[in-house]
Amino acid sequence: MDTLAEKRIEGLLSIVNNFEIEGQVTRVMPLGEGFINDTFVALTEGDSPDYILQRKNSEVFPDVPAMMDNIYRVTAHIRQRVIADEGDPKREVMTVIPTNDGQLYYLKDGDYWTMTLYIADTIAYSKANSPELARKGGRGIGRFQSQLADFTEPLAETIQGFHNVRYRFKQWDECIERDTAGRVKDLKEEIEIVESHRKEMLDFWSLVERGEIPARVTHNDTKINNILFDKQGEVLCAIDLDTVMTSTSLNDFGDAIRSYCNTGEEDDRDLKRVGLSLEMFEAYTDGYLSERANELTRTELDWLAFSALYITFEQVMRFLMDYIDGDKYYKIKWVDHNLVRTHAQMRLLEDLEEKYGQMKKVVAEVAQRYLSTACA
Ligand code: GN1
Ligand code: MG
């Protein structure tokens, strides 16, 4: 009799065959550490390309068809840019594989399955281990934003208010009120820390609401494992485009700093390990601004360093809200995983606040290096 795992793989093979693939898929295996979707690699025989199969999380993404339409249009746009720059369109941008009847997803038993081309000979890091890697990551996201600077069609909002702290505070108030898992009573200090940031974060967000910080097409989930590097350590492309939508450049920068420049882990239990490496911060900023300094406004540059505080704070709220809600959003490995994540992100935020003055200085110095007017 077939084991459960064999049955599951057989099921996956039958899903794979609905997509317009070259060659014969022989194996399907789990891939990566994403917190949201289920990801697999589908291996083919011989010289045919391999594929990435994903079951999208439709609790998190209420409109998968709209999300896939965003991804398709954005990758098509980037592909034109890559071709114009004589790059490799199969490696320097994600390729969405349609189903045999031309759809961007395959719907089975309420699950949305999607497929993209697997890009071979690449490395996805879970941690930035050197300033050089951070610099390259910064260049990669800078280039991604530049490639989309002239993308002017509207995009669907795949997750409402994703990096909008006003919306997050609305969710927060409701979450505390609901207290679904009965955990609020043990979280007095954590809740106070969130509350003590309310005004500062909302004031910052007002700049976006007033248009002083411009809306742009951005990635919105720039942690290091969402960037593919080649074997020489150069950035090939950004992956995990589920959250590509209109937001601010700052959010991509801030989220990357939260990820690349943390000396500890996102979910470190040892808070002494957690903090901002200024050396990594300088390197990432240098890579990013080498691509973007002349395309950002003065106000964006002025608030660039703050974006790391903003996104880390938002991440504190999101992990804590999920803990209070009884762990519905993020995949967890242990029962208090979301609380451990909250504490680690709080520690990072505290260190960012201590180093904010130095971070601003770094941004100003690096920007000066690249602003063309600096030579005038
Ligand atoms: C999630 O999908 P993944 O694992 O790359 C999350 C991000 C969080 C991140 C925290 C759609 O990213 O927003 O910053 O976890 N993605 C979504 O590690 O919520
Ligand atoms: Mg990811």
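Counting starts at 1 for both ligands and their atoms, in listed order.
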Just jot down the ligand 1 atoms closer than 4.0 angstrom to any heavy atom of [X], in number order.
| X | value |
| --- | --- |
| Gln315 | 8 (C), 10 (C), 14 (O) |
| Gly34 | 4 (O) |
| Tyr329 | 11 (C), 17 (C), 19 (O) |
| Lys223 | 3 (P), 4 (O), 5 (O), 9 (C), 10 (C), 12 (O), 15 (O), 18 (O) |
| Phe35 | 4 (O), 10 (C), 15 (O), 18 (O) |
| Phe61 | 11 (C) |
| Asp240 | 2 (O), 3 (P), 5 (O) |

* Structure fact -> Among Arg318, His163, Glu314, the residue with a heavy atom nearest to atom 13 (O) of ligand 1 is Arg318

* **Winner among Asp255, Ile224, Asn225, Asp221 once heavy atoms are compared against atom 3 (P) of ligand 1** =>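 Shortest heavy-atom distance from atom 3 (P) of ligand 1: Asp221.
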
Distance alone, cut at 3.5 Å: any donor-acceptor contact between the side chains of [X] and [Y]?
| X | Y | result |
| --- | --- | --- |
| Arg216 | Gln145 | no |
| Asp38 | Gln54 | no |
| Asn37 | Thr39 | no |

With heavy atoms under 4.0 Å as the rule, classify the contact between [X] and ligand 1 as side chain, backbone, both or neither.
| X | result |
| --- | --- |
| Thr243 | side chain |
| Asn226 | side chain |
| Arg258 | side chain |
| Asn37 | neither |

* Structure fact -> Sequence neighbours excluded, the answer for ring pair (Phe, Tyr, Trp, His ring centres under 6.0 Å) partners of Trp205 is Tyr310

Less than 3.5 Å apart, which donor and acceptor atoms pair up between the side chains of residues 18-26 and the rest of the protein, not counting sequence neighbours?
{"unit_1": "Asn18", "atom_1": "ND2", "unit_2": "Ser14", "atom_2": "O", "d": "2.8"}
{"unit_1": "Asn18", "atom_1": "ND2", "unit_2": "Ile15", "atom_2": "O", "d": "3.3"}
{"unit_1": "Thr26", "atom_1": "OG1", "unit_2": "Leu43", "atom_2": "O", "d": "3.3"}

* Any side-chain heavy atom of Asp121 within less than 4.5 Å of one from Arg91? ->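 In contact.
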
* **Pairwise side-chain contact, Phe40 with Met115, heavy-atom cut-off 4.5 Å (strictly under)** =>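 No, side chains not in contact.
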
* Asked: Using the benzene-type ring in the case of Trp, are the ring centres of Trp113 and Tyr105 under 6.0 Å apart?
  -> no

* Aromatic plane relationship, Phe229 with Tyr125 - under 30° parallel, 30 to 60° tilted, over 60° perpendicular ->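 The rings of Tyr125 and Phe229 stand perpendicular, inter-plane angle above 60°.
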
